[in-house]
Amino acid sequence: MSGYDPKAIEARWQSRWNEAGLFRTDGVDPSRKQYYCLEMLPYPSGKLHMGHVRNYAIGDAIARFHRMQGEQVLHVIGWDSFGLPAENAAIQKGEAPRRWTLDNIATMRTQLQRLGLGYDWNREIATCLPEYYRWNQWFFLRMLEKGVAYRTNRPLNWCDSCNTVLANEQVVSGRCWRCDSPVARRQFEQWFLRITDYAQELLDNLDRLEPWPEKVRTMQKNWIGRSEGAELLFDVDGSDLKIKVFTTRIDTTYGATYLALAAEHPDIQELIRDVPERDAVQAFLDEQLAHNLEDRFADAAEKLGVFTGRYAVNPFSGERVPIWIANFVLTDVGTGAIMSVPAHDERDFAFARKYGLTIRPVVKPVDGAVPDPETMTGAFSGYGTSCASAGFDGLATEEAKEAMGNHAEQNRFGKRTVTYRLKDWGISRQRYWGTPIPVIHCPDCGPVGVPDDQLPVLLPEEIEFTGEGGSPLARVPSFVETTCPTCKGPARRDTDTMDTFVDSCWYYFRYLDPKNSDQPFDWKKARSWFPVDLYIGGVEHATMHLIYTRFWTMMMRDLGLVDIDEPVNRLFTQGMVNKDGFKMSKSKGNVVDPDDLVARYGADTIRLFSLFAAPPDRGLDWNEAGVEGCYRFLVRLARTVDNVVSSLPGPGTPEPAGGCSGDALALRRKTHQTIARVTFNLGPRMHLNTVVSAVMELINTAAPLTEQVVGHDDDSGLAWALRECFESVSLLLTPFAPHFAEDIWERLGNAPFVSDSTWPVAREDLMEEDEVTVVVQVNGKLRARMFLPRGVDRDTALSKAREDEAVARHLDGKQVRKVIFVPDKLLNLVVG
RNA sequence: GCGAAAGUGGCGGAAUUGGUAGACGCGCCGGCCUUAGGAGCCGGUGGGGUAACCCGUGGGGGUUCGAGUCCCCCCUUUCGCACCA
């Protein structure tokens, strides 16, 4: 048994860990701290990719580290297994989505197991199974009861390629987050979750999520997009209609010279019913509404609009102002209608100039004159003093906001309000492979929730996939046709399924109680594991999953299910794995296959390289030569241990009575320094790449020393120090290369498992050097190094330094004006 | 345009947070071993210079005895948001 045969040892240790149930977590051990190490669960697309490998290698390293530190660790994996690819496979290859998904899970589970990841497989879940999704339905019904889930008709994002609507979070620069095709606007009757009820709390709590990356918190903050301002009602001249606008600058209302509506504004048809401009307006609307979102982005450069022929009345001044429809007014923002103040808003200004509309300054800059509307070349959007604003003249902007807000409220034509960019979460999807929405539409009773005792509403299996639009479930009469739970009359089931982001909102709560058939989970079993200590995943979920799951936790709290506000204590976003500077993709032909790598090098090498090649939060470029380097390191280490082990004292031999000296002492020092460094970098800092370096360094120190003990008598304690070193290395490498570490541990004569052993503790008394290097600088430039006993005082160091030839040369003929002395480190002589 | 992060050898990256820049690995060069080596081992490797030394962490200023690290300005790259009323 010598050399390094990863295939053999990895299979062997995986089955031994499994037999011993090493990574099972049963119940809660009150004598230990509970540590919940969580990684974002994978979508079972077919095969593991390197991004998964890196994600799970990081998580497993942290989980194993905490386990060895005596904490009770929960480390579980599951499958985010609803979603479109399964359905597309059905359309393209005729495979049943369920079969396709479960096959993929089986494949990928094997791949994960081959990596030697320490999961509690008894808690594995798959979100596509009725045991899981019935609780999505249960949650939906609870939200329906509380009014958190509601149904309404609203313009939504439509992906033509995915044939379904998308939530705002799932539209990236006008394109679908999944397939990158342009997104269109369509009006739909849909189910929404009232996430906006939690907007303020989602925002406020960000300050408390201090261990989260600043980047993610900023992204969420911007996404929630809180904006303070006021709503104002403008009467429409000659009509009962009132147009509600939102503004953050109520102080500029006297400068509002026109209103502008988004093309989707619901009152437009009423406004133009009887005006001569009707046809022109309709033509403009038709053109605008035909555009997809991406084209609208592209068109944004040019402001376009059309006059409706109608006028509104400024509630402050009584002035009649024209009502326009403009392409730069977005239906999702504010009320979808604005009062335009061209003198004080760049966009309004550009539009006004283009269409010859009135520009009227009503704010005087603090350090300048009121701009002249004839000659001004841009809007003044800063703060200043109100003017041309009747009774509000002379007020500073903040005061004017206050006074005019009060005035509007007293006269009931407006109120101060806060808007958010965040919109309610539309969760209906016109697709098959997802959680059926548990609602029955009755012609008499309207939408009625399915009674709890009829859950789960099962997805029908016999179904044909045509790829045509519309909800596939709508074509399954046996699914659709049912009776109303209230009146028992004939009724139809809702044929949409839930957004798959619902599934991932609460899966990590289910891990704590995965087989519960009475409720989603028993909080008594779960609470001591929450909040999740560390959550590792990609940053791409910053404004999707990570907002949804925070909302879901608050919602569960309000249902009385949990008593926490935030689910995750520390978030860690790992970087992408690239190849040759590019994202791995089939089209680029630069995909690296984990199976192939494991077959060639073994899982330990792959894991080691994933963690060594770059800091975990940064991108990692996959590099074959670097992998070789990690493999060589393991080979060399195995060989070194093999060569020396018979010359080492047996396991458990006490420290030599006479202590260690010379090389032995130096090695012990290095060993304990390494333990300290690894512990620090693995724990609070998560600089995993430097941990590997540190262990390599230790081996570079230890390996040459082994020759001194092989075939020689040893009276310095070196053999003992070498055993301490190699045992420590086994322990320190366990989070990174666990099979290898077990193997070395065993070769050193120790009983298994190193994975279940206690993390080593660095001995401070051994770490300190008795001789230190003190550098000598003259005027800040390095001139000499001195090797001095630890703790020498300033005067001794100074006289020692003066003896140095190079130092003396630079002091020659000059006056030492100042001496800076950092004990055991540095001496700086300032001369002049 | 706004916001955030980052720029260090030929490459990936270290630097315990103001105190020896370049740890560790890759690559490269030289040597040993070998019929041979894309294996292994040993040594070298920021640039310039025979040397003393000089230069060097994107560029320019500054603070300091001392700056990769702190401050100001600029450049570049990546990411996020993008007419947010």
Side-chain angles (χ1 to χ4, degrees), chain A residues 172-174 213-223 225-227 229 245-249 252 260 262 296-297 299-303 326-330 332-341 344-348 350-351 381 419-421 539-540 542-543 575-576 608-609 612-615 617-630 632-633 635-636 639 673 676-677 680-681 685 687 689-700 704 773-785 806 809-810 817-822 825-832:
Chain A
V172 181
S173 301
E214 193 60 47
K215 180 189 167 92
V216 174
R217 291 196 285 165
T218 306
M219 284 169 74
Q220 292 207 350
K221 191 175 172 203
N222 293 339
W223 188 264
R226 182 190 155 97
S227 175
V245 304
F246 175 76
T247 178
T248 54
R249 290 297 300 271
T252 63
R296 287 226 201 162
F297 277 115
D299 294 346
E302 204 199 345
K303 295 205 169 12
N327 70 340
F328 71 94
V329 181
L330 306 176
D332 280 343
V333 179
T335 58
I338 61 169
M339 61 171 204
S340 280
V341 186
H344 302 292
D345 182 283
E346 285 300 340
R347 299 151 299 182
D348 298 346
F351 192 82
S381 54
T419 64
Y420 298 91
R421 205 185 87 118
V539 74
E540 64 273 16
T543 54
M576 294 236 309
L608 197 62
F609 179 75
F612 170 66
D617 52 348
R618 274 202 245 164
L620 162 66
D621 202 76
W622 197 263
N623 169 288
E624 203 69 26
V627 178
E628 293 271 0
C630 287
R632 276 204 295 271
F633 166 71
V635 170
R636 217 162 32 226
R639 193 170 52 224
Q673 285 171 344
R677 213 170 128 190
F680 181 56
N681 282 299
R685 296 222 305 181
H687 287 194
N689 53 324
T690 68
V691 168
V692 181
S693 299
V695 175
M696 286 174 168
E697 241 182 274
L698 176 58
I699 295 304
N700 289 346
T773 308
V774 177
V775 298
V776 185
Q777 296 178 341
V778 178
N779 284 346
K781 293 201 184 218
L782 181 70
R783 296 301 173 191
R785 290 158 213 264
R809 193 163 46 236
H810 287 93
R817 302 197 181 277
K818 197 171 176 185
V819 177
I820 284 97
F821 180 61
V822 183
K825 282 219 152 145
L826 169 140
L827 184 70
N828 189 9
L829 308 177
V830 186
V831 302

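Chain A is the first sequence line, chain B the second, and so forth, proteins listed ahead of strands; every chain is numbered from 1. Since we're looking at a predicted model, the values are computed, not measured.
The P atoms of B/G47 and B/A23 are separated by 13 Å, rounded to the nearest whole Å. Spacing of P atoms, B/G31 relative to B/C55, comes out at 35 Å, to the nearest Å. The separation of B/G27 from B/U63, taken at their P atoms, amounts to 46 Å, rounded to a whole angstrom. Nucleotides B/G46 and B/G56 place their C1' atoms 8 Å apart, quoted to the nearest Å. Comparing the C1' positions of B/C83 and B/U78 gives a spacing of 25 Å, expressed to the nearest Å. Nucleotides B/G61 and B/G68, compared at atom P, are 15 Å apart to the nearest Å. Comparing the same atom, P, in B/G18 and in B/U69 gives a spacing of 11 Å after rounding to whole Å.
An OP1 or OP2 oxygen of B/G19 is reached within less than 4.0 angstrom by no side-chain nitrogen or oxygen of A/K825. Taking side-chain N and O atoms only, A/R677 has no distance below 4.0 Å to OP1 or OP2 of B/C24. Between B/C11 and A/N623, no contact under 4.0 Å exists linking OP1 or OP2 to a side-chain N or O. Of the side-chain N and O atoms in A/R421, one or more sit less than 4.0 angstrom from OP1 or OP2 of B/A82. For B/G25, the OP1/OP2 oxygens have a side-chain nitrogen or oxygen of A/N700 closer than 4.0 Å. For A/R783, a side-chain nitrogen or oxygen approaches OP1 or OP2 of B/C54 to under 4.0 Å. In this structure, A/R639 reaches the B/C41 phosphate: one of its side-chain N or O atoms is under 4.0 Å from OP1 or OP2. Side-chain N/O atoms of A/R632 include none lying less than 4.0 angstrom from OP1 or OP2 on B/G38. In this structure, A/K215 does not reach the B/C81 phosphate: none of its side-chain N or O atoms is under 4.0 Å from OP1 or OP2. The side chain of A/R618 places no N or O atom within less than 4.0 Å of a non-bridging phosphate oxygen (OP1 or OP2) of B/A5. The side chain of A/T543 places no N or O atom within less than 4.0 Å of a non-bridging phosphate oxygen (OP1 or OP2) of B/G80.
Closest to the side chain of A/N689, from the set B/C81, B/C24, B/G13, is B/G13. Nearest to the side chain of A/F328, among B/A85, B/A14, B/A52, sits B/A85. Distances from the side chain of A/E697 to the nucleotides B/G12, B/A14, B/C24 place B/C24 closest. Set against B/C53, B/C83, B/A14, the side chain of A/T690 has B/A14 as its closest nucleotide. Of the candidates B/C65, B/G12, B/A85, B/C65 carries the atom nearest the A/V830 side chain, counting heavy atoms from C-beta on. When the nucleotides B/C24, B/A85, B/C54 are ranked by their closest atom to the side chain of A/K781, B/C54 comes out on top. For A/M219, whose side chain is taken as the heavy atoms from C-beta onward, the closest listed nucleotide among B/A15, B/G80, B/U16 is B/G80.
Residue contacts shown for A/N828 include a base, since a base heavy atom lies under 4.0 Å away. At the heavy-atom level, A/F612 lies under 4.0 Å from base atoms of the strands shown. Among the protein residues, A/G229 comes within range of no part of the nucleic acid, since none of its heavy atoms lies under 4.0 Å from any strand. Note on A/R817: nothing from the nucleic acid sits closer than 4.0 angstrom, heavy atoms only. Residue contacts for A/G225: at a heavy-atom cut-off of 4.0 Å it reaches no nucleic acid atom on any strand shown. Nucleic acid contact for A/Q777: base, since at least one base atom lies under 4.0 Å from a heavy atom of the residue.
Side chains of A/E697 and A/R677 form a contact here, defined as non-hydrogen atoms less than 4.5 Å apart. Considering only heavy atoms from C-beta on, A/T252 comes within 4.5 Å of A/M339 through its side chain. Within the 4.5 Å cutoff, the side chain of A/D348 has heavy atoms near those of the A/I338 side chain. In this structure, A/F612 and A/C630 have side chains that are in contact, with non-hydrogen atoms separated by less than 4.5 Å. Between A/H810 and A/V831 there is no side-chain heavy-atom pair separated by less than 4.5 Å.
The distance between atom CG of A/L782 and atom P of B/G66, rounded to the nearest whole Å, is 15 Å. Rounding to whole angstrom units, CG of residue A/L608 and C1' of B/G12 are separated by 14 Å. The distance between atom CG of A/N779 and atom C1' of B/C53, rounded to the nearest whole Å, is 16 Å. For the pair A/N327 CG and B/C84 P, the interatomic distance rounds to 13 Å; values are reported in whole Å. When the P atom of B/A85 is taken as reference, atom NZ of A/K303 falls 14 Å away, rounded to whole Å. If you measure from atom CD1 of A/I820 to atom C1' of B/C65, you get 3 Å, rounded to the nearest angstrom. In this structure, the CG atom of A/N222 is 17 Å from the P atom of B/C79, given to the nearest Å. Atom C1' of nucleotide B/A23 and atom CG of A/N681 are separated by 12 Å, given to the nearest angstrom.
Look at B/U78: its glycosidic torsion is beyond 90° from 0, and that puts it in the anti range. Glycosidic conformation at B/G9 (O4'-C1'-N9-C4 for purines, O4'-C1'-N1-C2 for pyrimidines): syn, within 90° of 0.
In this structure, A/R226 CZ and A/T419 OG1 are separated by 9.0 Å, a value rounded to the nearest 0.5 Å.
The 5' end of RNA chain B is approached more closely, in terms of each residue's nearest nucleotide, by A/V539 than by the other of A/V539 and A/T247. The nearest heavy atom of RNA chain B to A/K818 and to A/A806 marks one nucleotide each, and the one closer to the 5' end goes with A/A806.
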